[in-house]
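Worksheet: the structure to be examined is printed underneath.
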There are 2 protein chains.
Amino acid sequence: MKDGPNIARIAALIGDPARADILTALMADRALTATELAGIAGVTKQTVSAHLAKLVDARLIAVEAQGRHRYFRLAGHDVAQLLEALMGVAFRTGAVRLRSSPREPALRKARVCYDHLAGELAVAAFEAMLMRGWFLARPGELRLTDTGRAELARLGIDVLALDAGRRPACRMCLDWGERRHHLAGAVGAAVLRHVLDTGWARRLPDSRVVAFNPWGERAFREEFLLA
Amino acid sequence: MKDGPNIARIAALIGDPARADILTALMADRALTATELAGIAGVTKQTVSAHLAKLVDARLIAVEAQGRHRYFRLAGHDVAQLLEALMGVAFRTGAVRLRSSPREPALRKARVCYDHLAGELAVAAFEAMLMRGWFLARPGELRLTDTGRAELARLGIDVLALDAGRRPACRMCLDWGERRHHLAGAVGAAVLRHVLDTGWARRLPDSRVVAFNPWGERAFREEFLLA
DNA sequence: TTCATGGTTCGATCGTAATCGAACCATCTC
DNA sequence: GAGATGGTTCGATTACGATCGAACCATGAA
């Protein structure tokens, strides 16, 4: 009974619909002001103020005062991960509301998830790779095939290093926007690194957005989506 | 507002102290009956029955009827992960209660956390490895040193493969029992694999317990804990 | 069959916490 | 200075849900 970290306290904090909306909005990667959050959560300024105070007090979010504005953001990476985990379970259990994509178009298109790529492009790429036999998908397992190994090597990704490791080189990760899977694991991370190294895209500062430039997106689609 | 998976619903479920106790107890890896859980959570049979019904309905836990008993267990691995994430945040934010170790001795000693080793042995091993300079711990980063690379190679762990990968080969993971860190990442996974491959220990079926046999534990301690 | 034990259902009670109106404070602009 | 906007504090209302007593159903044992 009196055992373990006090899970209930912070779970209860996230458990209020208004606060959950606040946190979800904050996960969309921007720092937001109290009034903006009030609008998002659909409550008045007073209520949102009370909620924010509690969240700050529990150190789930952090404040930055700037003039007469107060900008709120998630307190740390672990909170974002926690929310992702919650979304995963919520999705599996069917506790979904409609329209689950992040509103920010850039974020919906391509973003960082842990150390790999997520978003529309990532999902599309993963499914294309599956179609072309780069991976062998069995329930609960994902294996890199010889084809995939060759193709990745052709792109300049050091497959031997990834594949020989004891750790599963590739995994599927549920994309909470698309509600489909994208590629994770060491190979997923390598792909993201490749995208950044080649200059196809860059990470926006203080954001999880991965911004492709026009020719970079074209190249990415050619390599991962087409033929 | 009406966006994304319905986080609030399940967070609220976990947010009740009694239910949090139930889930925490279930994370200790055994299937438990309703009355046992009532005792653990400190409520009457009726209340625990109501709670369990809600948790089952939300598919956070699953039931198995056996005679006149009903055994409850966590519905999936994702729920356990979610709870671990919650514990991590709860710990960071200082929302801890006393006595945080899992009660099951075997589980406290050595268990699986994701794909690597957790528990007393894991924490001790990690700290010993740190002491002996296998890793270089900087805030937010953990790097494998040449020493560590050599030592791991000596044990028959393919370090080149792990290290050359784009993905961070080693990471720290907060052990919710010990409240200290253990080794995660590709190297952490490799160590677990090594422990299992050598026959030092085996995973108990349907459990996260990693059971060392006497000589296996001795070997493990010699390799990872002593000079 | 009778009895004990595991578990559920129903109804009533009771606390807690979310919410808002109204007033208030703080900062910036003009 | 006056006004406007962002944000907080206070108090009162309200609704939801956790809890338990009591009765009930189901299974297994004697």
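Order of the sequence lines fixes the chain letters, A, B, ..., with proteins taken first and strands second; residue numbering starts at 1 for each chain.
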Where the side chain of [X] meets the backbone of [Y], is there a donor-acceptor pair that is under 3.5 Å apart?
{"X": "A:Arg59", "Y": "A:Gly76", "value": "no"}
{"X": "A:Thr47", "Y": "A:Val43", "value": "no"}
{"X": "A:Ser49", "Y": "A:Lys45", "value": "no"}

Contact summary for B:Asn6 and A:Ala90, nearest pair of heavy atoms: O-CB, 4.0 Å

Worked verdict on B:Glu36 versus B:Thr33 for side chain to side chain donor-acceptor pair (under 3.5 Å): CA-CA 5 Å; B:Glu36 285 173 321; B:Thr33 70; 3.3 Å; yes

Nucleotides 5-20 of chain C: protein proximity per nucleotide (B base, S sugar-phosphate only, - neither; heavy atom, under 4.0 Å): BSBBB--------SBS

